[in-house]
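Naming: A, B, ... by sequence-line order, numbering from 1 per chain.
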Amino acid sequence: MDTFIQLFLSGISAGCVYGLVAMGFVLIYKSTEVVNFSQGDLVMLGAFFAVTFSQWLNGNYWLAVVFTVMAMACLGYGVERILFRRLMGEPPFSVLMVTIGLGFVLRAVAGMIWGHDPQSMSTPYSDARLAWGDFLLPVRDLVVIFGTLILSVILFIFFKSSRIGLTMQAVSQNQFAAYCVGIPVKRVLALTWALSATIAGVAGILLVPIKSAYPQLGLLLGIKAFAAAIVGGFGSLPGALMGGLLIGVLEEMTKFYIDPVLEFGVSEFSAYILLLVILLIRPQGLITSMQRKKV
Amino acid sequence: MLESSTLLSVQNIETYYGPVSAVCGVSLVVEQGAIVTVLGANGAGKTTVLKTIAGLMFPAKGMVHFEGENITGIEPDKIVRLGIAHVPEGREVFPLLSTEENLRLGSLNNQLSRLDVVYEYFPILQKHRKLSAGFLSGGQQQMLAIGRALMQTPRLIMFDEPSLGLSPKLVHEISEIITRINTEQSVSILLVEQNAKMALQVAQYGYILEQGRVVMENTCERLSASTDVKEFYLGMKEAGVRGQRRWKRRKTWR
């Protein structure tokens with residue numbers, strides 16, 4: 001039973017990261033109807049930023065966090081301004097290709113700047129473990145869980161009661177009406193990109209102590225998070241988070257219980273099996289937004 | 001050319017959807033405090049004229065002036081801030097937001113005192129203020145779209161077919177409300193309609209659009225009296241008297 005709980009918790013922790021990336025997918029998809037396939041690479045960039053800032057700031061973790069978040073927000077805003085605003089009104093497929101290309105560029109540039117070896121960073125909690133009864137829990141897993149929880153609450157409040165959150169929702173629900181009531185739609189879209197990149201940055205910060213930073217970090221993460229977003233219904237942020245958690249837990253469980261029995265890595269593709277199963281039995285995803293997409 | 005009482009003047013605009021020209025040389029004027037209507041059949045270019053004024057489409061040629069200021073090609077949100085509200089065709093609301101959130105999005109500086117004005121015009125919206133706008137009926141959504149425009153404290157409201165898909169009773173109600181808004185809030189109105197009967201009753205001056213051109217303009221009284229308008233827009237038949245077949249009769253402007 002103890003191992004089960006331990007596996008469950010580390011699965012939740014991995015799932016939180018998937019969930020955060022999936023939320024980024026959903027945010028961009030809902031407001032621009034484009035899937036941003038470079039979302040995982042933004043996480044990678046966040047991880048490298050965290051490492052670099054913490055080196056510059058002599059290991060001041062919290063300041064590095066703040067700087068990373070700000071840098072990622074600026075990056076997201078800039079990417080929209082420079083790249084995606086020019087593509088407004090183009091067919092979604094071309095924009096999607098650009099996001100894939102952006103991912104390649106980000107990975108290459110990160111490789112040139114930081115090299116291809118994993119880089120780790122010291123955090124106040126890096127090797128701490130919480131002993132509780134019989135089982136030991138790495139604090140970094142708990143930090144991931146609480147970090148995600150706090151961010152989710154902030155996002156919830158942001159969308160529920162702030163004026164910008166309300167306009168973001170408005171733009172994603174009916175862009176034409178948003179223009180009609182005088183919402184500066186383009187600026188709101190840029191802010192949505194900034195928010196999405198910020199979430200990716202937070203995911204990167206949380207991930208560094210566990211996986212370190214390397215250019216390919218975001219690749220597999222992005223694909224699995226994409227599966228998570230689809231499992232969650234690709235229309236709601238809570239759904240995305242839930243899909244992420246589900247996939248995280250599933251992976252940990254198969255890694256421990258099924259891999260040794262079958263003697264090969266089922267856990268590596270368990271996420272996609274879940275995706276297929278969900279698509280077969282509930283194609284609309286776990287949580288569906290009330291409104292069908294209007295054509 | 002621009003007199004002091006002119007609020008909006010559109011000069012010779014031409015707008016294209018790709019290679020297709022939707023509006024080819026439309027000019028119109030809305031005086032301060034007036035209700036002006038633009039009539040026309042499907043595809044005449046009425047909606048495109050409104051979209052061009054609202055900044056949602058760029059005219060290839062021509063200019064739009066509002067209160068003497070050239071607003072051609074300005075971003076739509078700036079045009080809204082200048083005081084032009086646009087109630088689009090087909091009641092575009094934000095379906096997952098509540099009625100009150102929809103209205104709040106209309107107000108430019110989050111002035112919630114305007115809510116009372118809107119609720120006074122549309123008490124039904126106050127009743128449903130917590131309900132998702134997607135659950136409102138068609139007429140209520142139209143009221144919401146109008147209310148949202150009122151929240152902006154505009155100088156000019158452009159209505160795009162407010163009667164679309166509403167019952168005759170609701171059409172009557174909406175037309176009364178348009179008149180009330182015009183007099184009580186001293187807002188000028190540009191009303192685009194297919195329901196010529198309703199529009200000619202409400203408005204003082206009218207333009208008739210056909211295939212992207214203004215083919216007729218006059219006061220609504222004179223328009224209502226014209227035989228062409230009577231026959232082709234109000235559906236009164238006189239032609240049969242002289243044994244003329246309707247499809248053979250030519251409009252005077254062609």
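Counting heavy atoms of neighbouring residues, nucleotides and ligands inside a 6.0 Å radius, atom OH of Tyr17(B) exceeds 12 of them. Few gaps surround CD1 on Ile281(A); more than 12 heavy atoms of other groups in view lie less than 6.0 Å from it. Crowding of Arg86(A) atom CZ: a count of heavy atoms from other residues, nucleotides or ligands under 6.0 Å not exceeding 12. Remark: Phe146(A) CZ is loosely packed, at most 12 non-hydrogen atoms of other residues, nucleotides or ligands lying under 6.0 Å away. Heavy atoms from other residues, nucleotides or ligands lying under 6.0 Å from CE of Met70(A) number more than 12. At most 12 non-hydrogen atoms from other residues, nucleotides or ligands lie less than 6.0 angstrom from CD1 of Ile164(A). By the neighbour-count criterion of 12 heavy atoms within 6.0 Å, atom OH of Tyr272(A) is densely surrounded, having more than that number from other residues, nucleotides or ligands.
Residues Leu97(B) and Gln173(A) approach most closely at N-OE1, 3.5 Å, considering heavy atoms. Heavy atoms only, all atoms of each residue included: Ala177(A) and Glu92(B) are closest at CB-O, 3.5 Å. Of all the heavy atoms in Leu105(B) and Arg163(A), the pair that sits closest is O-NH2, 3.7 Å. Scanning both residues, Phe94(B) and Asn174(A), for their nearest heavy atoms gives CE2-O, 3.4 Å.
Using a 4.5 Å heavy-atom cutoff, the side chains of Leu96(B) and Gln169(A) are not in contact.
Here the straight-line distance linking atom CD1 of Ile84(B) with atom SG of Cys180(A) works out to 12.5 Å at 0.5 Å rounding. Atom OG1 of Thr167(A) and atom CD of Glu101(B) lie 11.5 Å apart (nearest 0.5 Å). Atoms OH and CD, from Tyr179(A) and Glu75(B) in turn, are 7.0 Å apart once rounded to the nearest 0.5 Å.
Interface summary for chain A: among Arg81(B), Met151(B), Arg148(B), Lys51(B), the most heavy-atom pairs under 4.5 angstrom belong to Arg148(B).
Contacts between residues 183-194 of chain A and chain B, counted as heavy-atom pairs separated by less than 4.5 Å, involve Ile183(A), Pro184(A), Lys186(A).
Looking at Phe176(A), only its side chain comes within 4.5 Å of chain B, counting heavy atoms on both sides. Heavy atoms closer than 4.5 Å to chain A are found nowhere in Lys78(B), neither backbone nor side chain. Proximity to chain A (any heavy atom under 4.5 Å) is restricted, for Gln152(B), to the side chain, taken from C-beta onward.
Residues satisfying the side-chain hydrogen bond (donor to acceptor under 3.5 Å, both in side chains) criterion with Asn102(B), sequence neighbours excluded, are absent altogether.
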